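What follows is a short report on a single structure.
In what follows, chains carry the letters A, B, and so on, assigned in the order in which the sequence lines appear, proteins first and then strands, with residues in each chain numbered from 1. Please read all numbers here as calculations on a predicted model, not as lab measurements. Basis for what follows: all heavy atoms, side chains included, without hydrogens, waters or symmetry-related copies.
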Amino acid sequence: MSPAEQLRARLERVAAELGADGVDVQLERPRNPEHGDLATNLAMVLAGRLRRAPRQIADEILARLDLEGAGVASAEVAGAGFINFRLTGAVLWEQLARVLREDRAFGRSEPEDRLRIQVEFVSANPTGPLHVAHGRGAALGDAIASLLRWTGHEVEREFYINDAGVQIQRLGESLDARWRQLMGEEAAIPEGGYHGAYLVDMAREVDAEAHDRLVAMSAEERVAFLRRWAVERLEAEHDRTLRDFRVQMDSYYPETRIYEEGRIAETLRELADRGLTYESEGAVWLRTTAFGDDKDRVLVKSDGTYTYFAPDIAYHREKARRGFQHAIDIWGADHHGYVPRMKAALAALGYPDFLDVEIVQMVRIMRGGEEVKISKRAGEFVTLRELFEETGVDVARYFFLMRRSDAQMIFDLDLALDQSEKNPVYKVQYAHARMMSIFRKAGVEPSSIGVEDADLSLLREPVEGELIKQLAEFPAVVSRAAEARAPHIVCDYLEETAGMVNSWYHAGNPSRNPELAVLVPHPALRRARLALARGVQIVLRNGLELLGLSAPDRMQREETA
RNA sequence: GCGCUCGUAGCUCAGUUGGAUAGAGCGUCGGCCUCCGGAGCCGAAGGUCACAGGUUCGAAUCCUGUCGAGCGCACCA
């Protein structure tokens with residue numbers, strides 16, 4: 001149990017003694033170091049219930065609290081009724097020791113109830129290459145899955161392939177048009193078809209591969225053949241792009257499977273059995289308004305075909321039937337209006353709190369102060385691959401993750417390509433590499449640095465104490481980020497930590513304060529500081545790896561001419 | 001017109017679920033380092049939290065309204 005948890009338990013007990021059961025005691029590290037190591041607003045929260053002055057209650061809480069047993073060196077009432085605690089040095093040093101002991105597990109936690117969770121993301125139609133917006137969803141979904149795993153859940157990453165329906169037919173027709181153009185015919189891309197140049201390349205490839213067969217086919221056969229060929233080809237490309245972007249899906253689930261296994265009819269029957277569908281104007285409607293949607297939605301059109309909604313409900317029903325206890329979908333902003341009806345449909349099927357939807361907002365790319373235009377309609381766009389091949393995978397992933405996903409972001413290519421510490425990715429990676437370089441210089445294996453042979457009580461510099469407190473917070477940061485499905489919380493933490501680390505490192509520069517360096521002559525102090533450096537390195541590495549980034553041993557800057 | 005997301009420093013963004021004097025990076029300015037430039041280090045300036053009300057010990061955070069931005073509002077996918 002961490003010192004904060006111990007103290008919280010004691011505070012809860014005191015609150016109960018004062019006649020306030022079940023209060024959620026908040027215990028936080030104040031921003032301002034003058035306010036101690038931990039602070040609680042408990043007295044102010046109780047003031048309302050007990051109808052007494054907060055400061056008076058604070059005094060009483062302090063009188064009843066076993067401070068020494070909780071590792072508290074001193075405590076005081078401050079401000080409107082905050083209680084500030086200062087922990088003993090022993091508690092501080094123990095926190096660093098814990099980092100080294102837990103090593104790769106530091107930051108991981110166990111949930112109250114372990115859930116089997118599916119994270120579905122990217123799920124791009126196989127009608128073209130992945131573009132930058134998919135990249136943001138890919139980075140986000142992957143990091144959220146990783147966060148959930150770090151907090152002890154069982155997680156699977158899934159890509160849903162929309163390989164059925166009219167858009168796929170248009171793809172086949174579009175490729176057919178490109179192929180016929182290649183054969184010298186006057187062929188137009190069909191209405192609603194795909195104009196991208198990638199289909200010109202694909203037409204050439206498929207011709208090289210199967211010219212004789214294509215020529216021999218009827219028009220209908222040919223479109224069907226090209227459709228299958230293109231889908232297979234684009235799916236493989238999506239998979240390859242994601243792998244190169246370091247996203248490893250656990251499964252790809254094709255929409256066609258929903259059809260083949262008869263899940264749609266099954267789902268519609270279940271909804272009908274529950275009395276939640278009705279016919280009107282020749283169509284079958286789902287009563288989503290009974291579950292919070294603002295209008296009912298069509299499942300089967302009057303021409304007898306399904307809307308997109310029907311297979312989608314069936315697919316989500318399968319998620320629950322496949323044994324997932326919770327599902328998280330990452331959707332693009334253009335689908336956010338779809339959230340209430342999907343949740344309503346699941347509620348109708350008896351899965352009211354099954355689904356969470358995270359919305360990923362638009363990405364705009366700026367270079368030299370100007371927006372890089374992404375025009376899908378004209379068929380010219382910046383693909384995800386082009387982006388990460390230019391910036392590197394670490395940078396692209398980090399940039400996508402460092403902002404809240406539900407706000408639009410501007411991707412600053414100039415900053416992304418900057419290799420100095422102005423670039424937040426490099427700032428964090430530099431801090432990690434610096435620790436590794438210290439170990440190299442000291443001639444020690446990082447993993448051999450233990451706490452047994454180090455006297456951590458020698459770490460008495462204020463910066464060292466602040467740094468240890470910062471490291472100790474990592475597990476709470478991970479939990480909070482997982483809870484909020486918000487990887488940017490980890491990014492912010494890593495940048496803040498790296499900033500502290502870098503100034504700690506620079507303070508020990510031989511030209512300034514050689515006595516503050518890690519590698520001082522005094523052997524015991526040197527060992528203690530190496531242990532702190534090791535703690536720093538563990539936290540930065542764990543944080544970077546959690547986000548799917550590399551934690552380099554050394555930075556190699558590309559020489560620019 | 002209705003709904004969703006959002007509006008915080010010149011720019012890009014955080015803000016620990018309602019807490020103490022609203023933070024960071026970039027940019028700007030000053031100093032240091034450097035053969036010069038870049039990089040790096042130290043420091044400073046910079047705010048009506050879009051606006052107006054309300055809720056309470058306490059609001060950037062919650063509620064209502066207004067203004068502004070983006071995206072949705074299909075028997076499209």
* To do: Provide the distance between the two C1' atoms, one in B:rU61 and one in B:rU56, to the nearest whole Å.
  => 14 Å
* To do: Measure from the side chain of A:Arg403, starting at C-beta and using heavy atoms only, and say which of B:rA74, B:rC13, B:rU17 lies closest.
  => B:rC13
* Asked: Under the 5.5 Å and 30° test, is A:Phe82 stacked on the base of B:rA20?
  -> yes
* Asked: Which part of the nucleic acid does A:Met402 contact within heavy-atom distance under 4.0 Å: base, sugar-phosphate only, or nothing?
  -> nothing
* Structure fact -> Of the listed B:rC26, B:rC75, B:rU17, the closest approach to the A:Lys422 side chain comes from B:rC26
* Residue of the set A:Tyr252, A:Tyr253, A:Phe121 for which ring pair (Phe, Tyr, Trp, His ring centres under 6.0 Å) holds with A:Phe159 -> A:Tyr252
* Atom C1', compared across B:rG25 and B:rU8: separation rounded to whole Å -> 15 Å
* **Proximal nucleotide (of B:rU17, B:rC75, B:rA77) relative to the A:Tyr308 side chain** => B:rA77
* To do: Using the C1' atom as the reference point in each nucleotide, state the distance between B:rA45 and B:rC6 in Å, no decimals.
  => 29 Å
* State, with a plain yes or no, whether a side-chain heavy atom of A:Glu461 is found less than 4.5 Å away from one of A:Glu515. => no
* To do: Tell me which nucleotide among B:rG3, B:rG70, B:rG25 gets nearest to the side chain of A:His336.
  => B:rG3
* To do: Look at A:Ser420 and B:rG40 and indicate whether a side-chain polar atom (N or O) is within less than 4.0 Å of OP1 or OP2.
  => yes
* Asked: When you compare B:rC11 with B:rU21, how far apart are their C1' atoms, in angstrom units rounded to a whole number?
  -> 25 Å
* Asked: OP1, OP2 of B:rU12 versus side-chain N and O of A:Arg364: anything below 4.0 Å?
  -> no
* **P atoms of B:rC49 and B:rA9, separation to the nearest Å** => 10 Å
* To do: Classify the side chain of A:Ser302 versus the base of B:rC75 as yes if they form a donor-acceptor pair under 3.5 Å and no if they do not.
  => yes
* Structure fact -> Under the rule of Watson-Crick or G-U wobble with both distances under 3.5 Å, where | means paired to another strand and [ ] a crossing pair, RNA chain B maps to (((((((..((((.....[...)))).(((((.......))))).....(((((..]....))))))))))))....
* A:Arg480 side chain, from C-beta outward: closest of B:rC41, B:rC75, B:rU16 -> B:rU16
* To do: Would you mind classifying the nucleic acid contact of A:Asn41 as base, sugar-phosphate or nothing, using non-hydrogen atoms under 4.0 angstrom?
  => base
* To do: Could you check whether A:Ala47 gets within reach of a base, just the sugar-phosphate, or nothing at all, counting any heavy atom under 4.0 Å?
  => nothing
* To do: Check every strand shown and say whether A:Val300 touches a base, only sugar-phosphate, or nothing at a heavy-atom separation below 4.0 Å.
  => nothing
* Lys/Arg N to Asp/Glu carboxylate O, A:Glu158 vs A:Lys319, below 4.0 Å -> no
* For A:His335, answer base if it contacts any base atom (sugar-phosphate contacts may also be present), sugar-phosphate if it contacts only those atoms, and nothing otherwise; contact means non-hydrogen atoms under 4.0 Å. => base
* To do: For B:rA77, take OP1 and OP2 only and decide whether either is under 4.0 Å from a side-chain N or O of A:Lys301.
  => yes
* Which nucleotide in B:rU17, B:rG70, B:rA20 has an atom nearest any side-chain atom of A:Met362 -> B:rG70
* Pick base, sugar-phosphate or nothing for A:Asn84, based on heavy-atom distances below 4.0 Å to the nucleic acid. => base
* Base, sugar-phosphate, or nothing for A:Thr305, non-hydrogen atoms under 4.0 angstrom? -> nothing
* For A:Glu495, which contact category applies under a 4.0 Å heavy-atom criterion: base, sugar-phosphate, or nothing? -> nothing
* **Distance, C1' atom - from B:rG31 to B:rA14, rounded to whole angstrom** => 29 Å
* **Side chain of A:Arg404 (C-beta onward), nearest among B:rG15, B:rG72, B:rA77** => B:rG15
* Determine the contact category for A:Ala53: base if any of its heavy atoms lies under 4.0 Å from a base atom, sugar-phosphate if only primed atoms, P, OP1 or OP2 are that close, otherwise nothing. => nothing
* Taking atom P in both B:rG23 and B:rU5, what distance in whole Å separates the two? -> 28 Å
* Take atom C1' in B:rG3 and the same atom in B:rG43, then report the distance between them in whole Å. => 49 Å
* Would one find a side-chain N or O of A:His506 under 4.0 angstrom from OP1 or OP2 of B:rC41? -> yes
